[in-house]
2 protein chains.
Amino acid sequence: MGRPARIGRAAILDAALELADQDGLDGVTMHAVARRLNVTTMALYRHMDGKDALLDGLVERLLTGFPQQQARQPGEQWLTAMASGIREIARRHPAVFPLLLTRPAVTPAAQRVRDAVVAVLQDAGLTEPGAKRAERLLSTAVLGFAASEVTGRFRQHDQAVLDQDFAELLRWLRLALASPPAAEENG
Amino acid sequence: MGRPARIGRAAILDAALELADQDGLDGVTMHAVARRLNVTTMALYRHMDGKDALLDGLVERLLTGFPQQQARQPGEQWLTAMASGIREIARRHPAVFPLLLTRPAVTPAAQRVRDAVVAVLQDAGLTEPGAKRAERLLSTAVLGFAASEVTGRFRQHDQAVLDQDFAELLRWLRLALASPPAAEENG
DNA sequence: ACCTGAACACCGTTCAAGT
DNA sequence: ACCTGAACACCGTTCAAGT
């Protein structure tokens, strides 16, 4: 009954992530991944449900690298730490990163990241629906900024300017978190 | 010397946008666009510089549909109008919209949109570098939110929740614009 | 159970040729 | 000047067959 597997889901994702980092998203093809693993293209289909599942797997890889924030840090240092960590991931994997804004954040890995941020926000005094809403806006702003940086949307500006942009973004977010909304309904 | 052209850049972009709206970005192929125009694939290359130029052209199409804001509106109504207009474009062209965060905003059309927003912000009292920075963060937040909505990143939530999210986002942005940064350097 | 071979419809792009 | 025909390397995916 059967021989040992020469590849697996993990090895496939490793190879795909390397290809993405080297050649961009267009370089991530089933054929290229298989070639890198010294296997025929069709062998991948036993371990991965197709190209779309492969891309979802890459997004999951990035998510598991996200910084986990501890609640109850002094001031709003957790915000800086989290946003900076996310920005670093974008720099490390510029081709894959924008997919975070493109694919639904409903996988277990994504939910774990969201829950952690919501917990910190509740710890900081927000109501549960308020914390969940703030998490959505927070993550959108930070992901959007990091993605813009990495796709070259701001390519006319040098690093110093973008660093100041980032600092200003954090100031905006702290302002918002310090000023609670008037009413609260719906989750 | 030559016969009249049966197609042109405009017709190609029309066809491509229709395909994107109907079948998603994956449906936008040189072959499919040509088929829709009753022309061979190779005919496109005389009018369009390849697939990448085609996608850039689609982004340009969306940008020219962006709302142009008048300065000196009472309150910050221009912000609501602009953000709502952008949100509507996202709904109308959900497949193409995320490309706005993915492709550099350096084309003439993109620059025009940016300049208009910067002008309004200066009119509201920001310094020039401050207005330019605010424009970058503003557009990132609004584009990021609209893109998230349209790619299904928030698909667990129904429309009412997302509408409240949007209102809260606008509140955040107004707060930020009402509170000028401490120092100003670099553009 | 795992991988390969053969095959298919489709993709982006080039070049020479027709009108 | 504009479009077509023929062609190429590559893509995602399926299915039957080998070990």
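Protein chains get the first letters and strands the later ones, always in sequence-line order, with residue 1 at the start of each.
Going from atom CG of B/L162 over to atom NE2 of B/H157 covers 7.0 Å, rounded to the nearest 0.5 Å.
Across the strands present, D/dG18 finds its partner in C/dC2; the criterion is a Watson-Crick or G-U wobble pair with both atom distances under 3.5 angstrom. Nucleotide C/dG12 has D/dC8 as its partner under the Watson-Crick or G-U criteria, with both atom distances under 3.5 Å.
Between A/E128 and A/R133 there is no salt bridge, since no side-chain N of the basic residue sits under 4.0 Å from a carboxylate O of the acidic one. Salt-bridge annotation for A/E76 and A/R171: absent, with no side-chain N of the basic residue lying under 4.0 Å from a carboxylate O of the acidic one.
Along DNA chain D, the nucleotide nearest A/V28 and the nucleotide nearest B/H47 are compared for position; the residue whose nucleotide lies closer to the 5' end is B/H47.
The shortest non-hydrogen separation linking A/L175 to B/A176 is CD1-CA, 4.1 Å.
One atom, CG of B/L37, and another, C1' of D/dC2, lie 14 Å apart when rounded to the nearest Å. Following rounding to the nearest Å, B/D23 (CG) and C/dC11 (P) show an atom-to-atom distance of 11 Å. Rounded to an integer number of Å, the gap from CZ of A/R6 to C1' of D/dT19 is 12 Å. When rounded to the nearest whole Å, the span between CG of A/L54 and P of D/dG12 equals 9 Å. Look at CG on B/D52: it is 14 Å from C1' on C/dC11, rounded to the nearest Å. Atom C1' of nucleotide C/dC11 and atom CG of B/L44 are separated by 13 Å, given to the nearest angstrom. Between the OH atom of B/Y45 and the P atom of C/dA17 there is a distance of 21 Å, rounded to whole Å. Here D/dC11 presents its C1' atom at 5 Å from NE2 of A/H31, a figure rounded to the nearest Å.
When distances run from any side-chain atom of A/M30 to the nucleotides C/dG12, D/dG12, C/dG5, the shortest one goes to D/dG12. For A/K51, counting side-chain heavy atoms from C-beta on, the closest listed nucleotide (D/dC3, D/dG12, C/dC11) is D/dG12.
Stacking of B/R87 on the aromatic ring of B/F145 is not recorded, the 6.0 Å distance cut-off and the 45° axial limit not both being met.
Nucleic acid contact for A/A5: sugar-phosphate only, since backbone atoms but no base atoms lie under 4.0 Å from a heavy atom of the residue. Among the atoms of the strands shown, base atoms are found under 4.0 Å from some heavy atom of A/M42.
For A/T40 and C/dC3, the shortest distance from a side-chain N or O to OP1 or OP2 is not below 4.0 Å. Listed pair A/R35 / D/dC11 meets the phosphate criterion, a side-chain N or O lying under 4.0 Å from OP1 or OP2. In this model, the phosphate group of D/dT13 is not approached by any side-chain N or O of A/R46 to a distance below 4.0 Å at OP1 or OP2.
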